[in-house]
Peer 1: 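This is the structure, below, for whatever I ask next.
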Protein chains: 2
Amino acid sequence: MAADDRRESILHAATAVFGAKTYAGTTTDDVARAAGVSQPYVVRLFGTKQKLFLAVLDRALVKLFAAFRAAVAGEPAERTQRMGDAYIGLLAERGLLQSLSAAFLLGGDSEIGPAARGHFADVWRFLRTEVGMDAETAQMFLAQGMLINTLVGLRVGAAYGEDAAMTELLDLCIPEKVDEVLIQLPTVGDAW
Amino acid sequence: MAADDRRESILHAATAVFGAKTYAGTTTDDVARAAGVSQPYVVRLFGTKQKLFLAVLDRALVKLFAAFRAAVAGEPAERTQRMGDAYIGLLAERGLLQSLSAAFLLGGDSEIGPAARGHFADVWRFLRTEVGMDAETAQMFLAQGMLINTLVGLRVGAAYGEDAAMTELLDLCIPEKVDEVLIQLPTVGDAW
DNA sequence: GATGGTTGTAATCGAATGATTACCTCACGG
DNA sequence: CCGTGAGGTAATCATTCGATTACAACCATC
């Protein structure tokens with residue numbers, strides 16, 4: 001396989017694993033196995049585990065902005081609605097939003113912290129300037145996103161239909177689309 | 001020192017460290033050093049690192065509910081406002097909200113996951129039944145909380161006044177109280 | 001002043017982990 | 001055919017980490 005394709009396939013696998021087990025909880029061997037290559041090769045392609053994680057974050061943000069830009073295009077009506085749907089759509093790539101959540105806890109890290117803050121600030125500026133949201137709308141939009149991330153991280157899907165409280169909350173957060181989304185949510189039994 | 005006091009002091013230290021470095025990123029030796037005891041003693045008092053973390057979560061939820069119940073007491077007007085202030089007040093204990101955030105990413109863990117889901121569901125039920133919030137208010141309240149957790153995890157305080165986007169966002173999330181809160185926020189340079 | 005429980009530590013162990021080294025294999029151009 | 005570079009792995013290394021063991025100091029109280 002060409003190195004570029006291999007890189008992408010490792011990044012895809014790494015996204016799923018980092019998202020499921022957090023940064024510190026993931027081993028380079030976990031990623032290698034998920035990608036179907038040997039552990040030394042992962043290290044050789046990315047240098048260090050930290051650089052691999054930073055590459056995962058960069059790739060996640062590229063995909064996030066692509067999804068948002070597609071949602072913003074077109075008529076201004078219902079823009080925020082479409083943006084929310086786009087965010088939900090990102091759940092289709094296993095671990096993508098979770099890897100971001102994991103990074104958002106690592107602000108104190110000297111390498112990952114600045115990258116994570118920069119990415120988050122980029123999102124805010126995008127909402128305020130490119131999308132043109134007012135500050136309060138943008139804040140609520142982000143807040144809803146962080147709540148969704150929390151529910152996914154908690155594997156609340158496992159409680160949907162079992163626990164009345166969590167069912168009610170998930171119905172509110174993923175309006176109209178719970179059924180489709182539930183299928184995509186990571187489950188408790190996930191090996192990674 | 002009596003064992004109970006020692007337990008509490010270790011839990012306090014562990015809260016700060018788990019909050020700063022996540023669950024997997026924290027070592028029992030980190031906690032021991034922060035608490036001023038030896039590493040084996042931490043393990044002996046709590047059994048395993050996992051049980052220590054679960055104890056940190058239990059203690060965090062006791063404090064969370066205590067703060068919320070105090071805010072709910074009294075006249076119904078401005079209740080949600082007082083609850084928000086109470087949440088902000090929890091930032092005074094270093095790592096408390098972050099430790100919860102760290103747990104919320106570990107839903108896939110066979111031990112921590114159910115505990116985290118249970119705690120989160122407890123909060124939701126509390127908001128809906130004891131506080132009497134309607135579903136949408138409770139959802140927005142939680143979402144704001146998750147956004148605040150994110151900002152704290154990112155160490156956004158480091159960017160306050162430096163980055164216009166982050167300054168604007170922090171002003172919105174911590175209305176009227178940024179100055180007092182900034183002092184309490186963990187900084188990038190924190191050893192843990 | 002022995003006895004025994006409580007509070008603690010030093011030393012150490014086995015497993016796991018990130019990284020390095022040395023090597024293998026195969027396609028392809030000269 | 002023969003290099004030679006790209007794609008990839010097995011073996012291994014030094015550290016780190018959670019946990020265990022064995023032991024020490026203190027302090028009641030009979």
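Convention: sequence-line order gives letters A, B, ...; per-chain numbering from 1.
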Peer 1: CD1 of A:Ile10 versus P of D:dG7: gap in Å, rounded?
Peer 2: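 Answer to the nearest Å: 12 Å.
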Peer 1: Indicate, with a heavy-atom threshold strictly under 4.0 Å, whether B:Ser38 touches base, sugar-phosphate, or nothing.
Peer 2: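 Counting heavy atoms under 4.0 Å across all strands, the contact made by B:Ser38 includes a base.
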Peer 1: How close or far is atom P of D:dC17 from atom CZ of B:Phe46, stated in whole angstroms?
Peer 2: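 Atom CZ in B:Phe46 sits about 20 Å away from atom P in D:dC17.
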Peer 1: Return the nearest nucleotide to the side chain of B:Lys49; candidates are D:dG7, C:dT20, D:dA19.
Peer 2: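 Per side-chain heavy atoms of B:Lys49, the pick is D:dA19.
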Peer 1: In whole angstrom, give the distance that lies between atom CZ of B:Arg44 and atom P of C:dA10.
Peer 2: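 So the two atoms are 14 Å apart, to the nearest Å.
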Peer 1: Output the rounded distance in Å from CZ (B:Arg33) to P (D:dT16).
Peer 2: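 After rounding, the gap between these two atoms is 11 Å.
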Peer 1: Could you tell me how far apart A:Gln39 (CD) and D:dA10 (P) are, to the nearest whole angstrom?
Peer 2: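 Rounded to whole Å, this separation is 11 Å.
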Peer 1: Within the supplied structure, the quantity of interest is the number of heavy atoms (other residues, nucleotides, ligands) at a distance under 6.0 Å from A:Glu8 CD; does it exceed 12?
Peer 2: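 Enclosed.
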Peer 1: Please state how far atom CG in B:Leu45 lies from atom P in D:dA19, giving the value in whole angstrom units.
Peer 2: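 In whole Å, D:dA19 P lies 14 Å from B:Leu45 CG.
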Peer 1: Pick the nucleotide of DNA chain C nearest each of B:Asp4 and A:Thr27; which residue has the one closer to the 5' end?
Peer 2: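 Taking each residue's closest nucleotide, the earlier one in sequence belongs to B:Asp4.
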Peer 1: Rounded to the nearest Å, what distance is computed from the CG atom of residue B:Asp5 to the P atom of nucleotide C:dT6?
Peer 2: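 From B:Asp5 CG to C:dT6 P: 16 Å.
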Peer 1: Going by heavy atoms in the side chains, are B:Tyr87 and B:Asn149 under 4.5 Å from each other?
Peer 2: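 Heavy-atom side-chain distance check passes, below 4.5 Å.
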Peer 1: For D:dG18, take OP1 and OP2 only and decide whether either is under 4.0 Å from a side-chain N or O of B:Thr28.
Peer 2: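 True: B:Thr28 side-chain N/O within range (under 4.0 Å) of D:dG18 OP1/OP2.
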Peer 1: When you check the side-chain N and O atoms of B:Tyr23 and B:Asp109, is any donor under 3.5 Å from an acceptor?
Peer 2: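 No, no side-chain donor-acceptor contact under 3.5 Å.
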Peer 1: If you count every heavy atom of other residues, nucleotides or ligands that lies below 6.0 Å from B:Lys51 atom NZ, does the total exceed 12?
Peer 2: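 No, not enclosed.
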Peer 1: Considering heavy-atom distances to DNA chain D, does A:Val37 or B:Thr48 have its closest nucleotide positioned more toward the 5' end?
Peer 2: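 Of the two residues, A:Val37 wins.
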Peer 1: Are A:Tyr41 and D:dT9 close enough that a side-chain N or O sits under 4.0 Å from OP1 or OP2?
Peer 2: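 No, no such contact exists.
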Peer 1: What's the closest nucleotide to the side chain of B:Val43 if the choices are D:dT20, D:dG7, D:dA11?
Peer 2: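 The listed nucleotide nearest to B:Val43's side chain is D:dT20.
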Peer 1: Find which nucleotide of DNA chain C each of A:Tyr23 and B:Met1 is nearest to by heavy atoms, and output the residue with the more 5' nucleotide.
Peer 2: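 Nearer the 5' end of the strand: B:Met1.
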Peer 1: Establish, from distance only, whether the side-chain atoms of B:Gln139 and B:Trp124 form a donor-acceptor pair under 3.5 Å.
Peer 2: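 No, B:Trp124 and B:Gln139 have no side-chain donor paired with an acceptor closer than 3.5 Å.
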Peer 1: Starting at atom CG of A:Asp29, determine the distance to atom P of D:dG8, rounded to an integer number of angstrom.
Peer 2: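 Atom-to-atom, A:Asp29 to D:dG8, this comes out as 17 Å.
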Peer 1: Any donor-acceptor pair, under 3.5 Å, between the side chain of B:Arg6 and the base of C:dG8, if you only look at N and O atoms?
Peer 2: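 Answer is no: no donor-acceptor pair is held.
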